Every structure is written in C-alpha cells, then in structure tokens.
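Here the structure is a predicted model, which is why all the values come from computation and not from measurement.
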Amino acid sequence: MASSYSFLFLHMLVMFFLASIAFSDLSDDFYDDICPQALPTIRRVVEDAVRQERRMGASLLRLHFHDCFVNGCDASILLDQTATIDSEKTARPNNNSARGFEVIDRIKSEVDKVCGRPVVSCADILAVAARDSVVALHGPTWEVELGRRDSTTASRTTANNDIPTPLMDLPALIDNFKKQGLDEEDLVALSGGHTLGFSQCSSFRNRIYNENNSIDSTFASQRQANCLRSGGDSNLASLDPTPALFDSKYFTNLVSKKGLLHSDQALFSGGETDELVKTYSTTLRTFSKDFAKSMIKMGNIKLLTGNQGQIRVDCRKVN
C-alpha cells in the first residue's frame, strides 16, 4: 500500500514538474537575445496597418480571441484549407468575417527578415499584434508572455462549437468561457473588446427586429435603416459609438439597452454580471486594468511550448 502511495506521489510530482517546465518556457523577454528587433517590428507593422484602416485594430484583436478559443493560442486560425487541414477560416464564426490575415503575413515576413530566420511563432505574432492594436487605439498595454509554438492542425468543427456566438444568453456565455478556464469577470472584460470594431447585419438582425423588450426602440430603428429584414447580410454597424477608440461606451450602451448583439446585451439583463457592467461603464481605468489582466489569462490557454508544435515559415501552412 505504501509503495502505491509513493508511486502516485512521484507521478504527480513529475506531472507538476513537466507542467512547470512548459509554463516556464514563456517569458516577456523570450526574443530579447535571439531577435531583439522582433517586437518593435510587430508594433511598427500593426501601427501602420491601423493607420491605414482603423477597423484593422479590432480585426487583429478578434483573430487572437478566435484563435485561443479553439484548442488554445496556437495560430490554428491562420491555416488555409488543404487535404489534411480542416481550416477554421470557413467555420461559421469566421467565414467572410475574420480578417487581417494579410497583415499577419506582412508581420511574419518583416519579422523573419530582421531576425534572419523564422524564430518568432505565428501564435506569438497574433498575441503581440492584438496587444499593439489595442494600444494603437488608445487602450491599455500589458506584458505579453512569449514562447508559444504553432499548431500543425486546425479544427473547423471545434471552431463552430467553441467560439461564442452572437445569439448566446448569459448562462451559455458563462459556460462557454468556463470551458476555457475563464470566469465571469473575464467574460465581461473580454467582451469589452467590442468597444472596437463592427458587426455584420446577419449577426444582429434578429435582435433589432424581434427583441423589443431588451432593446432601446430608437436604437433599433437606427440600426434597421442599414440592416433590412432580408438582404444586406454583410452590412456593417459599429459595436459602440466610437469603434476606433478604446473607451467604456460599449458598457454605457449596455446600461441603456443599446447593445448591438444579443450576446452583448446578455451581460446586462438582470443577471450576475450587471454590477460589473455598471462599474466598467463609469470607470474606464478599472475596465482597462481588468481587460489587460484577462487578455494575459486568455493568451495562456492550452499553449504549445518547448519542442511541441513548430515555428511556421508561412503562417498559412504547416512546414
């Protein structure tokens, strides 16, 4: 019996040690010695892309989010369809809406050029580009832990199942985030990323025509002008009044029943997240701090590190 306990203890110790090694592979100075110009290059390309098109900041942030929710932050969202790769780009949450891939391609090319070889993973590029996009739009900054490796697979099915949808109510959202190791504060803070960017008519049509009790009538009428009952599925509406500025107006909208998506308004619908929404709507500093903290937490979901995965030469395909 004693030997069984000793074996179990030793097994647990080894597993803990291996997990610690994997986590220790991440550091905010991971590229300082092997390529000190990597992060400044990513920032330069992101700033240029956002300067050319302000909407791109939200698109790059969304790419990182949609990547991490599908088997972890491993750049699987960037892989194109092949005979062996079931691309996530054609999954329902991404098809004809995920964008910014050409910016990631440009970042990868520029970074590999200054580094002299492919040493920076596409997964790290996504994480840093998301941070730099938020900063470029006057949002908070945070230290991105680096050392992620890239996946050699993708899963359209998992993307369909695990990326939260615009139609989810609060219990479904809480369960969805919990599956990723994220709590209710993370849910509200990360949803606040919708302070940036736009959504397509097909994602909010049902809300502006059929949710009379939970939506401001004037707001609904204004959205209906550019989103008819049929047609125009790709017509855009901003997720908050200042789609190219990181502020707290997204939450102010929710308090006023002006959330564009059903899943947005679900955060302020008489449930347990109401108080946090109220706090964020009046205190930008608190929202910014919590957003940065939750972005770090999300960026550590199910990572490939060490000798796992690979460093892709081309972010769109496996080496």
>> Between Lys297 and Asp183 (salt bridge meaning N to carboxylate O under 4.0 Å), is one present in this structure?
In response: yes
> Do the charged groups of Glu110 and Lys113 touch, with an N to O distance under 4.0 Å?
Replying inline: yes
> Would you call Glu143-Arg131 a salt bridge at under 4.0 Å N-O?
Replying inline: no
> Linking I/L/V/M/F/W/Y whenever their side-chain heavy atoms sit closer than 4.5 Å, directly or via other members, would Leu261 and Leu190 fall into one cluster?
Replying inline: no
>> I'd like to know if Val111 and Met56 are part of one continuous hydrophobic network [Ile/Leu/Val/Met/Phe/Trp/Tyr, side-chain heavy atoms within less than 4.5 Å].
In response: yes
>> Could you measure the distance from the OG atom of Ser151 to the CG atom of Leu79? Nearest 0.5 Å is fine.
In response: 5.0 Å
>> Checking Asp264 against His194 for the side chain to side chain donor-acceptor pair (under 3.5 Å) test, could you report, in this order, the C-alpha distance in whole Å, the side-chain angles of both residues, the deciding distance, and whether it holds?
In response: CA-CA 8 Å; Asp264 289 330; His194 283 178; 2.9 Å; yes
>> Using side-chain heavy atoms (C-beta onward) and a distance below 4.5 Å, is Leu63 in contact with Ile104?
In response: yes
>> Does Asn161, at its CG atom, have more than 12 non-hydrogen atoms belonging to other residues, nucleotides or ligands within less than 6.0 Å?
In response: yes
> Which atom pair, heavy atoms only, marks the closest approach of Lys108 to Pro118?
Replying inline: NZ-CB, 4.0 Å
>> Just to verify, what does Thr158 make a side-chain contact (heavy atoms from CB on, under 4.5 Å) with, not counting sequence neighbours?
In response: Val70, Asn71, Ser155, Asp162
> Does the Asp150 side chain pair with the main chain of Cys122, one donor and one acceptor, at a distance under 3.5 Å?
Replying inline: yes
> Got a second to check how far Leu170's CG is from Gln265's CD, nearest 0.5 Å?
Replying inline: 11.5 Å
>> Counting C-beta onward and ignoring hydrogens, is there a side-chain heavy-atom pair between Tyr209 and Phe204 closer than 4.5 Å?
In response: no
>> Checking Phe219 against Leu260 for the side chain to side chain contact (heavy atoms under 4.5 Å, CB included) test, could you report, in this order, the C-alpha distance in whole Å, the side-chain angles of both residues, the deciding distance, and whether it holds?
In response: CA-CA 9 Å; Phe219 176 76; Leu260 184 64; 4.2 Å; yes
> Is Asp80 salt-bridged to Lys89, cutoff N-O under 4.0 Å?
Replying inline: yes
> To the nearest 0.5 Å, what is the distance between CG (Asp29) and CG (Asp33)?
Replying inline: 7.5 Å
>> Quick one, Asp247 with Thr195, criterion side chain to side chain donor-acceptor pair (under 3.5 Å). Give me CA distance, side-chain angles, the key distance, then yes/no.
In response: CA-CA 6 Å; Asp247 58 21; Thr195 183; 3.0 Å; yes
> Checking side chain to side chain contact (heavy atoms under 4.5 Å, CB included) for the pair His64/Cys73: CA distance, chi angles, key distance, verdict?
Replying inline: CA-CA 7 Å; His64 180 45; Cys73 309; 4.2 Å; yes
> Cluster question for you: counting only ILVMFWY and a side-chain heavy-atom cut-off of under 4.5 Å, with indirect links fine, are Val128 and Leu304 together?
Replying inline: no
>> For His66 and Asn94: C-alpha separation, side-chain torsions, deciding distance, then whether side chain to side chain donor-acceptor pair (under 3.5 Å) applies.
In response: CA-CA 8 Å; His66 281 208; Asn94 298 324; 2.7 Å; yes
> Cut-off 3.5 Å, side chains only: do Asp186 and Ser294 have a donor facing an acceptor?
Replying inline: yes
>> How long is the straight-line distance from OG1 of Thr152 back to CD1 of Ile85, given to the nearest 0.5 Å?
In response: 7.0 Å
>> Could you walk me through whether Arg148 and Ser121 satisfy the side chain to side chain donor-acceptor pair (under 3.5 Å) test, starting with their C-alpha distance in whole Å, then the side-chain angles of each, then the deciding distance to 0.1 Å, before giving a yes or no?
In response: CA-CA 7 Å; Arg148 296 168 189 77; Ser121 70; over 6 Å; no
> Are Arg43 and Asp132 within salt-bridge range, i.e. N to O under 4.0 Å?
Replying inline: no
>> Salt bridge check, Arg316 against Asp105: does any charged N sit closer than 4.0 Å to a carboxylate O?
In response: yes
> Mind checking whether Leu26 and Thr305 have side chains closer than 4.5 Å, heavy atoms only?
Replying inline: yes
>> On a heavy-atom basis, which atom in Arg149 and which in Gly306 lie closest, and how many Å separate them?
In response: NE-O, 3.3 Å
>> I'd like to check Gln200 versus Leu236 (side-chain heavy atoms, cut-off strictly below 4.5 Å). Are they in contact?
In response: yes
> OG/Ser109 to CD1/Ile107 distance, rounded to the nearest 0.5 angstrom?
Replying inline: 11.0 Å
>> Please determine whether a side-chain nitrogen of the Lys or Arg among Lys178 and Asp175 lies less than 4.0 Å from a carboxylate oxygen of the Asp or Glu.
In response: no
>> Could you check whether any side-chain heavy atom of Phe268 comes within less than 4.5 Å of a side-chain heavy atom of Thr273, counting everything from C-beta outward?
In response: no
> Honestly curious: do Val46 and Val144 fall in one hydrophobic cluster under the side-chain, below-4.5 Å linking rule?
Replying inline: yes
>> For Arg229, is there any backbone N or O sitting under 3.5 Å from a side-chain donor or acceptor partner on Arg205?
In response: yes
> Between Lys278 and Asp274, is there a salt bridge with N-O shorter than 4.0 Å?
Replying inline: no
>> Counting C-beta onward and ignoring hydrogens, is there a side-chain heavy-atom pair between Arg156 and Thr90 closer than 4.5 Å?
In response: yes
> Quick one: CZ on Arg223 to CD1 on Ile208, what's the gap to the nearest 0.5 Å?
Replying inline: 8.0 Å
> For the residue pair Asp124 and Gly147, what are the closest heavy atoms and their distance?
Replying inline: OD2-N, 2.9 Å
> Hey, which of Tyr250, Phe291, Phe251 is the one that makes ring-ring contact (aromatic ring centres under 6.0 Å, His included) with Tyr280?
Replying inline: Phe251
